[in-house]
Amino acid sequence: MTDGLMVVPAPKAGSQRVSSWSLLLHNRLAAIGLCLLGMLVLVALLAPILPLPDPNATAPAERLRPVLSEGHLLGTDELGRDILSRLIWGSRVSMTVGFSATLVAAVIGSAIGLVSGYAGGRTDNLMMRGIDMLMAFPYILLALAIVAVLGPGLMNALYAIAVVNIPFFARNVRGVTLALSHAEFVDAARLSGKGHVSILATEILPNVLPVIVITMSTTAGWMILETAGLSFLGLGAQPPQADLGSMLGEGRAQLFTAPHVSVVPGVMIFLIVISLNVLGDGIRDVLDPRLRSGALLRPGPRTAVDPARARPPSGKPDAVLDVQGLETGFTRNGHYSAAVKDVSLHLQPGECLGLIGESGSGKSVTALSVMGLVNSPPGIIRNGAIYLHGEDVLAMPETKLIACRGSRVAYIFQDPLTTLHPMHPIGRQVEEAIAAHQRLDRRSLQERSIALLERVGIPEAGKRARHFPHQLSGGQRQRVGIAMALANDPDVIIADEPTTALDVTVQAQILDLLRDLQKERGMALLFITHDFGVVAEICDRVAVMKDGAVVETGETRAVLANPQHDYTKRLIACVPEIGQGKTFLGRVSVLFRPENRA
């Protein structure tokens, strides 16, 4: 961080897909866990062919030899047995039992969770009550009870550990499956004629798999510990067979005279468990496409900026907002792709600029870049400058940039239902927008928030202020978003397709409201849309975007009357006119033929 500026290295260009193996190795902790666990498993598998002494051969004359003794690298135990040999053979036994129990619990528990969550109703109730009965007992006591009934021994310990861990898999998988079973893509699979088994195997299981993997990675470590605990109590491996738990139990009597006898198997248990946990986290990230792309990483407070960015001077020093040569992109799997390239825009005080283009053309990324709202990771601003009253926003300290959000530049989002907090009344949310930049007492905040709600056309604003977002219509929620944007009298308002989800009548009301507020308060308005009909009604100038670049700018009337770029002509052609009928459809089909889309 330099003067509040987030510094990141410039990512590599390209769009080549990175393999899952490369992603796993790119995660340092997961790679360390994989290497460590791989070495431990390899040594355990090679135990029969390694030049090791008999792990069960006693030599009383050699008892309790220290670490690094001649012929005994890790010393000997109370019966003179070689600790290194017993450690390798014991690790082999403990990992075999732990991994086997994990696999059994994962298969049975996941199957119960999938069927229960998908079937629902009486089947779900019956299966979950059985799981609840198992979870009502402390799992270690339940394992002890099962081994006590079946008798001591490794196989019985395996059964006991698997049974007590089935509820963990069943509960986790059932919760995810219950949510997925009502998802739209599952309903579509049912409508397509797929059977229940096919839906579970092809639609739900791939989405549940990351949960199963991370549960297995965590549970495998616990199962190895539980195996060790049962053996420690004499209910697992029976003498002379060694596992890590029995070695701990045998060494506790020598804890003060020869601590290495119990410390060595304890360290081995720690290494196995920690390697399993960090490897499981890495595998989960690889299996979940949202995690591997960085989409679920916690974003920073501002968009990352390449320290080597080109910084062109302001093209319009008198403009309230001037964007010059902006390039914003995203890093995916270690590779960079630009979403916005060399975009230059400017807004004069009191002016409305329409930013128009089809979905995916880069309109929202351009607007979000103005106040550093593109999530990082994975977003990054590679080049360009954004000037607010002549001051470069990208060079602002973080605290100053955050202070500018809402006070100097405000944002009206496309879907207010997802941006408004569902658990707070709308009045309180407007009050929070005011309180973020103004020091007012509680009564003044309430009065100002109600006045703003009244100004944007909310009927009975005092009463409505106590309502929650879900109690309002789409148009009323959008008016609340506009009230929050106006809360601190900003110089610039960015409206990101604020009328897209509204019907025609409400769209007209929202557009009239924005136009009246702009004239009343003298604000600059950046209006993002894909509809030239809206642009013609409200905007003074228009900038047309295609594939992340501005292809045409000019006065709205001039562009509508005489568009220069073919893409602009096609967008204008999409606006129907009364009385055209088949002529309109024929003209649009010609313009959008492949040979005319270059």
Side-chain angles (χ1 to χ4, degrees), residues 4 299-303 319-321 347 349-352 367-368 370-373 386-413 416 418-469 472 476-496 498 510 513-527:
R302 63 182 298 171
T303 307
V320 61
L321 178 66
L347 265 172
E351 182 184 34
C352 179
L368 291 169
V370 170
M371 281 287 102
L373 294 175
I386 300 169
Y387 295 98
L388 184 62
H389 286 295
E391 184 178 5
D392 190 0
V393 172
L394 303 182
M396 283 183 180
E398 185 177 298
T399 53
K400 185 172 183 179
L401 175 62
I402 293 174
C404 287
R405 294 171 179 167
S407 62
R408 299 176 66 184
V409 179
Y411 207 104
I412 303 173
F413 292 93
T418 59
T419 53
L420 293 175
H421 198 297
M423 302 303 292
H424 294 316
I426 60 170
R428 185 186 301 175
Q429 298 189 55
V430 177
E431 292 172 19
E432 288 180 352
I434 300 169
H437 300 282
Q438 302 178 46
R439 294 183 177 274
L440 298 175
D441 57 70
R442 182 68 180 171
R443 184 178 181 84
S444 299
L445 283 173
Q446 291 178 344
E447 292 175 351
R448 181 162 172 76
S449 68
I450 292 174
L452 282 168
L453 292 174
E454 289 177 343
R455 180 62 192 88
V456 297
I458 299 289
E460 300 180 338
K463 180 181 178 181
R464 291 282 187 175
R466 296 189 294 271
H467 288 188
F468 293 88
L472 305 179
Q476 289 175 331
R477 286 193 294 265
Q478 195 60 274
R479 292 173 187 269
V480 174
I482 295 172
M484 295 173 67
L486 295 173
N488 298 286
D489 294 319
D491 301 322
V492 180
I493 286 186
I494 300 173
D496 190 354
I510 295 297
L513 174 62
L514 286 172
R515 185 166 46 196
D516 293 343
L517 290 171
Q518 181 199 4
K519 292 178 180 179
E520 174 187 314
R521 303 191 177 214
M523 303 175 301
L525 177 62
L526 178 60
F527 195 93

Quick check: does any side chain N or O of Arg477 sit under 3.5 Å from a backbone N or O of Pro469, one acting as donor and the other as acceptor? yes
Do the non-hydrogen side-chain atoms of Leu486 and Val456 ever get within less than 4.5 Å of each other? yes
What I want to find out is whether Glu520 reaches Arg515 closely enough, with some N-O distance under 4.0 Å, to be called a salt bridge. no
Mind checking the CE-CG spacing from Met484 to Leu420? Nearest 0.5 Å is all I need. 6.0 Å
Between Leu525 and Ala495, which heavy-atom pair has the shortest distance, and what is it? CD1-CB, 4.2 Å
Between Met396 and Leu401, what is the shortest heavy-atom contact and its length? SD-CA, 4.1 Å
Which is it for Arg405 and Arg302 under the side-chain contact (heavy atoms from CB on, under 4.5 Å) test, yes or no, and what are the steps along the way? CA-CA 11 Å; Arg405 294 171 179 167; Arg302 63 182 298 171; 3.8 Å; yes
Test item: Tyr411 and Leu368 side chains (from C-beta on) under 4.5 Å apart, heavy atoms: yes
For residues His389 and Asp491, determine if any side-chain heavy atom of one lies less than 4.5 Å from a side-chain heavy atom of the other. yes
Step by step, work out the side-chain contact (heavy atoms from CB on, under 4.5 Å) result for Met371 and Leu388. CA-CA 10 Å; Met371 281 287 102; Leu388 184 62; 4.3 Å; yes
side-chain contact (heavy atoms from CB on, under 4.5 Å) evaluation trace for Glu391 with Lys400: CA-CA 11 Å; Glu391 184 178 5; Lys400 185 172 183 179; 2.5 Å; yes
Test side-chain contact (heavy atoms from CB on, under 4.5 Å) on Glu431 and Arg442; report intermediate values, then the result. CA-CA 9 Å; Glu431 292 172 19; Arg442 182 68 180 171; 2.9 Å; yes
Among Asp496, Ile494, Leu514, side-chain contact (heavy atoms from CB on, under 4.5 Å) partner for Ile412: Leu514
Taking every heavy atom of Ala465 against every heavy atom of Pro425, the minimum-distance pair comes out as O-CB, 3.4 Å
NE2/His437 to CD1/Ile402 distance, rounded to the nearest 0.5 angstrom? 10.0 Å
Under the 3.5 angstrom rule, does the side chain of Gln438 hit a backbone N or O of Asn488 as a donor-acceptor pair? no
Side chains of Val393 and Val370, heavy atoms from C-beta outward: is any pair under 4.5 Å? no
Do Ile493 and Leu526 have side chains that approach each other closer than 4.5 Å (heavy atoms only, starting at C-beta)? no
Note: Glu447-Arg443 ion pair, threshold 4.0 Å (strictly below): yes
With heavy-atom distances below 4.5 Å as the criterion, would you say the side chains of Ile434 and Leu452 are in contact? yes
Let me confirm one number: the NZ-CG distance from Lys463 to Leu453, rounded to the nearest 0.5 Å. 15.0 Å
So, do Arg448 and Leu440 sit near enough that their side-chain heavy atoms are less than 4.5 Å apart? yes
Can you find a heavy atom in the side chain of Gln476 that is under 4.5 Å from one in the side chain of Ile426? no
Determine the minimum heavy-atom distance between Ala461 and Ile450, stating which atoms define it. CB-O, 3.7 Å
Which atom names give the shortest non-hydrogen contact between Met423 and Phe468, and what distance separates them? O-CE2, 3.3 Å
